[in-house]
2 protein chains.
Amino acid sequence: MSTTSPGTVGAASREAAREASGEAAREAAGEASRETAGDCRPGLREAKKARTRRALIETGLRLFHERGYGNTTTEEIAASAGVSQRTFFRYFPTKEDVVLEAMGSVDEVLIEHFLARPADETPFEALCNAMRDHWETLGRTAMHHFKGGAAEIIAESPELMRTGMTYCRRRQTRLAEAIALRTGTGPADPRPELVSAIFFAALANGHQEWEQAGAPGLDGLLRSFMRQLELVPEVIGSDWNTPAADRGAAG
Amino acid sequence: MSTTSPGTVGAASREAAREASGEAAREAAGEASRETAGDCRPGLREAKKARTRRALIETGLRLFHERGYGNTTTEEIAASAGVSQRTFFRYFPTKEDVVLEAMGSVDEVLIEHFLARPADETPFEALCNAMRDHWETLGRTAMHHFKGGAAEIIAESPELMRTGMTYCRRRQTRLAEAIALRTGTGPADPRPELVSAIFFAALANGHQEWEQAGAPGLDGLLRSFMRQLELVPEVIGSDWNTPAADRGAAG
DNA sequence: CTGACAACTGGCAGTCGCTGCCATAATCTT
DNA sequence: AAGATTATGGCAGCGACTGCCAGTTGTCAG
């Protein structure tokens, strides 16, 4: 993977582990494997696990923010969270997953905005508008209180942002679920996943553009995001069939 | 020093190295640093480097194909190519780059088909059609001779295919260049990069779908690719604004 | 041809992500 | 409280990747 790579038997086991953690992420604080059905959390064990998980994420983000993602080792994160490195890797299959999971909680806010958009909007339109709504929320409220707190830390750390964008494909499924929910289609419909993939691809492009422009502030990032998103229909539709040389080079 | 870069610490240096190698890839066999300008290849040194590079790629692909990507170490590749591991990493910043570069040569064929498409087609349309042309070429000619040979090896190894798709974002720029060439726009136009990103995102989705279906043959992969690609305009355009529940849950 | 200079290479030691294994301790069950 | 589960820590180890230094090889002037 980007920062490192797998040890023993290669990529296959990694992928498996990653998916497992993906599912585990959302059942993090509940869901006994016993017959104690539903929401009742059966005990102290689960609570402790949830606490450890949260501690890992918090200290992880903090350290990433302080010394940079690449300059923070998993051992340091584990130690700062009061567990062993071995335990760290029982909670997160890879180091990136700490960032990804934090980013996931940010995505949830986006998803809420997305689901709140008027029903006459196309899924993709709703996504674009939700992005703008989301950003405003981020800029207004999140800067003040420091509760869930992932958003600001990520927003303030270009390196974290980059990590989150690099692996954005792994965030796509969660958004696809929300899209499927909104449109009412079933899990066999490939379209939600596709819109989600395109959305994130556009964001990744925007992020890259933003970095190449010298990362001119967070507003600049939003502008890049929105520009790319707005370009998508133009570029896919029949608008852009300029055979050659229309709006001059460097246009 | 074209292939390597002096890493300092952490992920940032990694990224830098990767981009450096990306540029180096295409100037692999030429370009002295002296004032001997142009195409003249000034010597034995460059030739040797090119030969080593090719050897690394060939043995790398062969070993990946034989024992799997994850079960092949960089040390084995280096040894089989007759160089040290240290030298391997002077040619390729990461192990994946071997696959990526091989895949790049496959992409070149796609790009040729793309550039050969009639001018009245939208860039995205041309891309879709080129994909189909490309695949036919792959299935017909490449299976017979074993010259450049990357295509078949990759096509026959799901693990390599997966690696290539996982990091497909790093292939996007080359394709974007071709798109810009065809449309005649300059490097400041963000649209080629965006189409390229969307194209690869759709492919990645198709690949994922294909894997989840149990990887039903290469024709199945092409079908998944094409299906996703064809869905893109439908999903982005105004066709799909089903507020809720139209074509029944479960697809 | 030769010697200075630059680029290329190998080897070593070390860091870090990540994993399997096993003994121990904590929690849950009855 | 005994026994069955499950979480944890520590250790040893693999493998990707890097910096450093010394030795080799191609290059180019004289």
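In what follows, chains are A, B, ... by sequence order, proteins preceding strands, each numbered from 1. Predicted model, so just to flag it, every value in this text is computed and none were measured.
Among the nucleotides dC18(C), dA7(D), dC17(D), the one closest to any side-chain atom of K49(A) is dA7(D). Ranking dT9(C), dG10(C), dG26(D) by closeness to the T52(B) side chain, first place goes to dT9(C). Each of dC18(C), dA16(D), dC28(C) was ranked by its minimum atom distance to the side chain of K95(A); first place goes to dC18(C). Nearest nucleotide to the R45(B) side chain, out of dT6(D), dA7(C), dT8(D): dA7(C). Distance from the side chain of L44(B) is smallest to dG26(D) among dG26(D), dT8(D), dC28(C). Among the nucleotides dC17(D), dC20(D), dG9(D), the one closest to the side chain of R90(A) is dG9(D).
With a 6.0 Å cutoff to the six-membered ring centre and a 45° limit on the axis angle, K95(A) does not count as a cation-pi contact of F64(A).
Across the protein-nucleic acid pair, N71(B) atom CG and dT19(C) atom P stand 14 Å apart, rounded to whole Å. Distance, D97(A) CG to dG17(C) P: 14 Å, rounded to whole Å.
Residue S84(A) has no polar side-chain atom (N or O) positioned under 4.0 Å from OP1 or OP2 of dT8(D). Phosphate contact (OP1/OP2 of dG17(C), side-chain N/O of T74(A), threshold under 4.0 Å): present. Within the 4.0 Å cut-off from OP1 or OP2 of dA7(D), not a single side-chain nitrogen or oxygen of Y91(A) is found.
Scored by the side chain to side chain donor-acceptor pair (under 3.5 Å) test, T59(A) finds no partners at all (sequence neighbours excluded).
A salt bridge links E66(A) to R62(A): at least one charged side-chain nitrogen sits closer than 4.0 Å to a carboxylate oxygen.
Ring orientation note: the planes of F225(A) and W135(A) are nearly perpendicular, at an angle over 60° on the 30°/60° scale.
For R86(A) and dT8(D), a side-chain-to-base donor-acceptor distance below 3.5 Å is absent, hydrogens and geometry of angles not being considered.
Toward the 5′ end of DNA chain D lies the nearest nucleotide of V83(A), the other residue of the pair V83(A) and K48(B) mapping further downstream.
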